[in-house]
Amino acid sequence: MSQESATPIDLSPPPYRELTAAAVIFGVLIGAVMTAAFTYVALKLGFTLSGSTVAAILGFAVLRGALRKGSIIENNINQTVASGVNTASAGVAFTLPALYIMGEEFSVVSVILAATAGAFLGMVVIIPLRKQMIEFERLRFPSGIAVASLLKSPGAGARQAKLLIGGFAVSAAIHLCTGLGLFAEEINFGAMVGAPSWVSLSIAISFASLGAGLLSGRGGLPFVFGGILAWWLIAPVAVTMGLVPGVTELKGVVAGTAFDDWVTWDVLYGQMLRPLGIGVLIGGALSGVVASFPALKSAIKSLSNASKTGAGGSDELPASVLGGGIAVAFLVLFGAAILADPSLGLGRQLLIAVVGTVWLALAGLIVAQATGMTDISPMSGMSLIGVTLMFFLSGGNVVPAIILGVAVCIGIGQCADMMGDLKSGHLIGAKPKRQQLAQLMVCWVGVPVAVGTIVLLWGDGGGFGPGNPELSAPQGTALAAIIDSLQAGAAPLDKYVAGGAIGLGLGLHPVGGLGVLIGLAMYLPFSITLTYGVGCAAHLWLQRRNGERWMGDTLVPVAAGFIIGEALTSLGVVLYQLLAG
Amino acid sequence: MKKTIGLVLLTVGIGLTAGFGAVLSPDFRSATAKSGEAVFADQGVDEAAETYCSLREKFNAGPADGCEGSSPLVENTEGLSQASLRAAQLAALESAEQDLLVVQISQARIQYRLAIRKSMKRWAELETLGTQGPIPRLSGWFSAAGGGFLGGLVLLVIGAWVSRQASVAEGVTDSSGPEVEDFGVLLGQARESVAVLHGKMSACETPTIADLERFKAELEDIQKGALARLCASGPRATARHGVEGMARLFSPLSGAERKLNRAWAAMVDKHWPEASVSIAGALAELDQTADALDAL
């Protein structure tokens, strides 16, 4: 026995470190820096990044390394806080720029109020669903598992650490090559054999998608089925049966790749599958709420019991806090609706606030479920529906529609982020109440940072947008175009209704979340789904061959390494692209 | 058998509903074809402009018509529809006719004008059609594909319902077989293992790092053994006890699982008191799970 092994353990150490000032302050600092940086990245490239893995690694370096006193669970709080703050970057950068691009006059205060209300609402509506999603449905949350693997790495043993690092290295190397343009981002087998683009035979080179599939296994198969249905059945049938315009119907157009691409992306995907998928997602989520109502009732009852018993020893935030939070956040949202356009009238402003709150809760549930099952978030689609709803409720008034859209977008992001962090927390034994409290304290911090970044970058006018190649704000430009089409009266109501009916019907099936998975697959290009499907199939094969225990000991760290490797390399590639101009 | 019938009906139902659901309303389909013509006409304009400008550059014809850094054909595009914009561009090109000595440039300029004229025509046709509003689009789609969609929906609902019934029947009757383990037996095994670990930790008065490593290894065995199988039995528990019954079992069971995870983290952080308290808490929650199972 070595000398260290025989060392006695301190039996009365200071209390176990969890929700500490160091974790919160450090998390806020990392979160604020990431929010400003990722808001800029979103304006430049059209996407943001999740901050959980970055925060967890920095947490190790500072809390455990420099301060030499951090615990695994304290680092989980640090990562929860940082990612909770950073959630505002996507919510603001995808929506607010549209107001500037469209040249609308608006009050920045109302934007900050609405966004803050959205952040709190997202938190308080999703917290009661923790038991349902994490403990009862046991959703996978692949990124949550990846972050937990990272947090657990100090005690997971040398073998698992090597597997995690190995997975990381492979994923990072491949993603670096695709990010720098050395490899294509997908392999198009269809193009190799001369198949038209509407016969989707592409597979994305994404180890994060592969890792998510490896962690999901059998539970992810309906997602793959949905993709196959959309892209290998509906798309070819629609083209061959003339359900989409043929080349002979278009004057002056010749058959070829350009026409096939237009049919595939503008018609099949943009006008048929994507809106239908959004409808299925909504219907699936609604029926999921109905089907799991007894379990939801049980989860909410346990929150109420915690309130009645004083909640001191409970692991959940009491229902009274959540109820009060919903009431206050709703009032702030209502105030933002009044400020956004005082001429709308109190009745309409109240209606906007009520519908906004209800939609935020439902969309947050959908995004959290989709992320939990596949690691893929349909946030942009849900935000789009939110803005559309607000647009019609405000009588076609753009300013309140987008301002309330900012709130909905941030709230939805908070829902998915909180649930992913709670999953990581569950896997390392964190107390949910402390994680919830930490994120509730700081969820507003990212809002002024993100809004301030947008205001600063806009400057005297024209700081970003379609006319500025340096900062084209792709998501804001797309939203502005959609608002334009809404102003012209276009909305694919037929697809939403049809999809909603399919989703509701699927709710009767005993496999929970079937509608959400199939809807999500229709909503996405097939190349991503296919890579994920390869991961699911590999999971099933490996499970049969090596057994359940091997999966936990070997597959989980490798798959977690894949996800972390791609996430961190994405950040590196973005930094390189920004520095290289 | 029932399960297979349910799956087949469900699959056919999903295929039909999604297929008919994706059909475009006839008016919207026509508008989509027109928009396609406009999109391709715009591509023609871009290509013609590129050819024209590159020829000007090649033959040093100087900046003009938006080429080589000259001002665009139409400077103020605000408020102009696409058709009006093309009309304004065409007017600008025609009003600024140039005496071009190079035949290639002259021909390219003509091609450019023709492409703009074609685009203008396509956009004008599209704008005449107007936008189909949400309600007409819904009714148009339903007239075109509603029958097939409803038929598929009926199959989908029946298939899902039959699958649900088959799943409930399976959960009630199929409690034996090599891969199916009884929830109560697994719970007993997990509880017993945690109780033994708790006992050993309580008996250890002066624990060392080596003791902690040993207990951590024992805890990992429990987590990856009986507890993992227990936690994976949710769907079977739902089929057997209903959603509410499953929730009654899994609420304390998941609490126990989380406390064992916490004990593991505390052991890694060498925090003996937290690890001991968490193991004791997990044991109490496993007892509550056993009580809930008895009550069911």
Side-chain angles (χ1 to χ4, degrees), chain A residues 1 4-9 11 13 16 71-73 131 135-136 138 154-155 229 233-234 237-238 243 245 249-253 258 262 267 271-273 276 292 294-295 298 302 315 426-429 488-495 497-499 501-502 505-506 508-510 518 548-549 552, chain B residues 10 14-15 17-19 21-25 29 32-33 36-37 39-41 118 131 133-135 137-138 141 149 153 156-157 160-161 163-164 167 206-210 212 224 228 231 234 243-244 246-248 250-251 254 258-259 261-266 268-274 278:
Chain A
M1 187 184 284
E4 195 204 6
S5 297
T7 310
I9 295 169
L11 290 180
Y16 193 46
S71 72
I72 288 175
I73 292 177
K131 264 188 180 295
E135 297 191 349
F136 300 160
R138 306 191 81 80
L229 173 78
L233 185 69
I234 295 175
V237 167
L243 300 180
E249 295 173 61
L250 272 66
K251 278 183 268 178
V253 178
W262 175 76
V267 186
Q271 304 292 352
M272 293 176 153
L273 298 174
L276 192 67
S292 55
S298 169
S302 79
D315 287 339
H426 182 85
L427 294 174
I428 57 155
L493 185 64
D494 54 334
K495 299 290 160 276
V497 169
I502 296 171
L506 289 172
L508 287 171
H509 195 268
I518 290 179
E548 194 59 51
R549 186 148 186 166
Chain B
L10 183 79
I14 294 174
T17 47
V23 169
L24 301 173
S25 75
R29 188 182 177 286
T32 303
E37 289 175 358
V39 166
F40 285 105
K118 185 176 163 188
T131 307
I135 301 296
R137 203 161 148 182
L138 179 63
W141 163 74
F149 179 80
L153 195 61
L156 186 154
V157 168
W161 184 254
S163 298
R164 178 170 283 267
S167 166
T206 51
T208 60
I209 299 286
L212 204 57
K224 291 169 186 171
C231 291
V243 177
E244 196 165 0
M246 179 277 295
R248 279 193 212 159
F250 269 70
S251 193
S254 298
R258 186 164 43 78
K259 288 193 168 93
N261 292 340
R262 187 178 181 87
W264 183 91
V268 173
D269 290 326
K270 299 182 178 60
H271 201 288
W272 181 265
E274 187 65 34
S278 299

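Reminder, nothing fancy here: chain letters follow the sequence lines and each chain counts from 1.
- If you tally non-hydrogen atom pairs under 4.5 Å between each of Gly19(B), Gly234(B), Gly133(B), Gly36(B) and chain A, the highest count goes to Gly36(B).
- Only the side chain of Glu274(B) comes within contact range of chain A, with heavy atoms under 4.5 Å apart.
- Taken from NE2 in His271(B) to CG in Leu11(A), the straight-line distance is 11.0 Å, to the nearest 0.5 Å.
- For Ile14(B), the parts lying under 4.5 angstrom from a heavy atom of chain A are both the backbone and the side chain.
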Inset, instruction - Take Leu24(B) and Lys495(A) through the side chain to side chain contact (heavy atoms under 4.5 Å, CB included) test and state the conclusion after the steps. - result: CA-CA 9 Å; Leu24(B) 301 173; Lys495(A) 299 290 160 276; 4.2 Å; yes
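- Only the side chain of Asp269(B) comes within contact range of chain A, with at least one heavy atom under 4.5 Å from a heavy atom of that chain.
- Between Arg137(B) and Asp494(A), the shortest heavy-atom contact is NE-OD1, 3.5 Å.
- Contact count versus chain B (heavy atoms, under 4.5 Å) is highest, among Gly499(A), Gly505(A), Ala491(A), for Ala491(A).
- Ranked by heavy-atom pairs shorter than 4.5 Å toward chain B, the options Leu233(A), Leu229(A), Ile518(A), Leu273(A) are led by Leu229(A).
- With respect to chain A, the highest number of heavy-atom pairs below 4.5 Å among Thr206(B), Leu153(B), Val39(B), Ile135(B) belongs to Leu153(B).
- Here the closest non-hydrogen pair linking Pro510(A) and Ala160(B) is CD-O, 4.0 Å.
- With a threshold of 4.5 angstrom between heavy atoms, Ala265(B) approaches chain A through its backbone and through its side chain.
- In this structure, the separation between OG on Ser254(B) and NE2 on His426(A) is 5.5 Å, given to the nearest 0.5 Å.
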